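This is a predicted model, so every value here is computed, not measured. Positions are given from 1, in the same order as the sequence printed here.
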Amino acid sequence: EVVPHIYTSGDKAILDGTKELFGVGVRTRVRADMSNNLYTANGVKNEAGGISYRLYKNGRLLHNLYTGDPNSWMTAFEISGQDLYAAIESYMTYTAKYESRVYKNGKLNHLFEESYSSVGIRALAANGNDLYCGGYLYNGRYAATLWKNSVPLYTFDDGSNMVWVKSVAVEGNDVYSLVYSNN
């Protein structure tokens, strides 16, 4: 369990960060925005083994994202203004590769799949109409990649065993990315 920081302001408690609960068929994320709206996302396995991810705002169901695949997980969950983004990575058994889907307000926004590579989206950041997605391409070796509106901005390979963009932030015209590298 990764517990978020909780700040208090007067008599209000403000949740900041992500809380993830792991169990059989369950993964829950929690976020709060600046207006004290509480967003939660949880994955639920159905009887056939497929997983759907349910997104809630203040306890009310907003979206049900059905992946149909038992080998999938939500890798990023972000709020930008009135928009709610979620990235789901799936292992596609028929191609033996990973692909990622990014949803905006419950609708598929970008599908990241490559003919020869696996693709994983691990971070999201929105700035106006632009969506930045950070993650990796894998074709025998990892390459950290940052996309802007599904177009690659850069790819980084330092020769390590694993490397991917772990976090993305946008401030004005500047885009920052944190790259994880494991040697």
Side-chain angles (χ1 to χ4, degrees), residues 1-2 4 15-114 117-138 145-152 164-170:
E1 181 177 346
V2 181
L15 186 67
D16 178 25
T18 299
K19 181 176 184 179
E20 299 179 10
L21 303 173
F22 296 94
V24 178
V26 175
R27 181 173 180 160
T28 300
R29 290 176 176 247
V30 178
R31 290 258 194 246
D33 67 13
M34 298 304 288
S35 301
N36 289 325
N37 290 309
L38 186 65
Y39 295 85
T40 57
N42 70 306
V44 179
K45 276 191 179 180
N46 63 25
E47 293 174 8
I51 299 177
S52 66
Y53 290 92
R54 296 176 185 159
L55 304 170
Y56 299 86
K57 177 181 178 182
N58 299 324
R60 186 176 61 89
L61 180 65
L62 291 177
H63 312 292
N64 191 6
L65 309 176
Y66 179 67
T67 66
D69 195 297
N71 301 312
S72 66
W73 54 95
M74 185 177 291
T75 55
F77 175 55
E78 295 299 327
I79 304 156
S80 178
Q82 298 298 313
D83 295 322
L84 180 61
Y85 296 93
I88 297 175
E89 186 174 334
S90 299
Y91 179 72
M92 311 309 289
T93 53
Y94 58 92
T95 61
K97 289 186 239 170
Y98 290 90
E99 68 180 32
S100 291
R101 291 175 176 86
V102 175
Y103 296 87
K104 177 181 178 181
N105 300 323
K107 295 189 187 274
L108 183 63
N109 197 37
H110 298 302
L111 172 63
F112 293 88
E113 61 178 348
E114 293 284 332
S117 304
S118 287
V119 184
I121 300 300
R122 300 295 171 91
L124 299 170
N127 185 25
N129 292 326
D130 295 324
L131 179 63
Y132 297 88
C133 303
Y136 69 87
L137 288 171
Y138 178 82
T145 306
L146 180 67
W147 292 267
K148 178 181 178 182
N149 302 324
S150 76
V151 175
W164 61 73
V165 174
K166 187 174 178 85
S167 181
V168 178
V170 181

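- One finds the CD1 atom of Ile79 at 12.0 Å from the OH atom of Tyr85 (value rounded to the nearest 0.5 Å).
- Residues Leu55 and Ala41 approach most closely at CD2-CB, 3.3 Å, considering heavy atoms.
- At a threshold of 4.5 Å between non-hydrogen side-chain atoms, the residues Tyr103 and Asn109 do not count as touching.
- Counting all heavy atoms, side chain and backbone alike, Leu65 lies closest to Gly106 at CD2-O, 3.6 Å.
- In this structure, OH in Tyr53 is found 11.5 Å from CG in Asn64, a value given to the nearest 0.5 Å.
- The environment of NZ in Lys166 is sparse: at most 12 heavy-atom neighbours from other residues, nucleotides or ligands sit within 6.0 Å.
- The minimum heavy-atom distance linking Ser90 with Ser72 is given by the pair OG-CB, 3.1 Å.
- Among all heavy-atom pairs drawn from Ile51 and Tyr66, the shortest one is O-CD1, 3.8 Å.
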Can you list the steps and then say if Ser80 with Glu78 is a side-chain contact (heavy atoms from CB on, under 4.5 Å)? CA-CA 7 Å; Ser80 178; Glu78 295 299 327; over 6 Å; no

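- Looking only at side-chain heavy atoms (C-beta outward), Pro152 and Trp147 come within less than 4.5 Å of each other.
- Ring geometry for Trp73 against Tyr98 counts as perpendicular: the plane angle is over 60°, on a 0 to 90° scale with 30° as the lower cut.
- Annotation: the span from Glu114 atom CD to Thr95 atom OG1 amounts to 12.0 Å, rounded to 0.5 Å.
- Minimum interatomic distance between Ala87 and Val102 (heavy atoms only, all atoms of both residues): CB-CG2, 4.1 Å.
- In this structure, the separation between OG on Ser117 and CZ on Phe112 is 14.0 Å, given to the nearest 0.5 Å.
- With rounding to the nearest 0.5 Å, the separation of NZ in Lys148 from CG in Asn127 is 8.5 Å.
- To the nearest 0.5 Å, atoms OG1 (Thr75) and CD1 (Ile121) are separated by 7.5 Å.
- At least one donor-acceptor pair closer than 3.5 Å links the side chain of Asn105 to the backbone N or O of Leu84.
- In this structure, the side chains of Tyr39 and Phe77 come closer than 4.5 Å at one or more pairs of heavy atoms.
- Of the candidates Glu99, Arg101, Lys97, Glu113 forms a side-chain contact (heavy atoms from CB on, under 4.5 Å) with just one, namely Glu99.
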Would you please test Arg122 and Glu89 for side-chain contact (heavy atoms from CB on, under 4.5 Å) and show each step? CA-CA 9 Å; Arg122 300 295 171 91; Glu89 186 174 334; 3.0 Å; yes

Lys104 vs Leu131, side-chain contact (heavy atoms from CB on, under 4.5 Å): CA-CA, chis, key distance, verdict: CA-CA 10 Å; Lys104 177 181 178 181; Leu131 179 63; over 6 Å; no

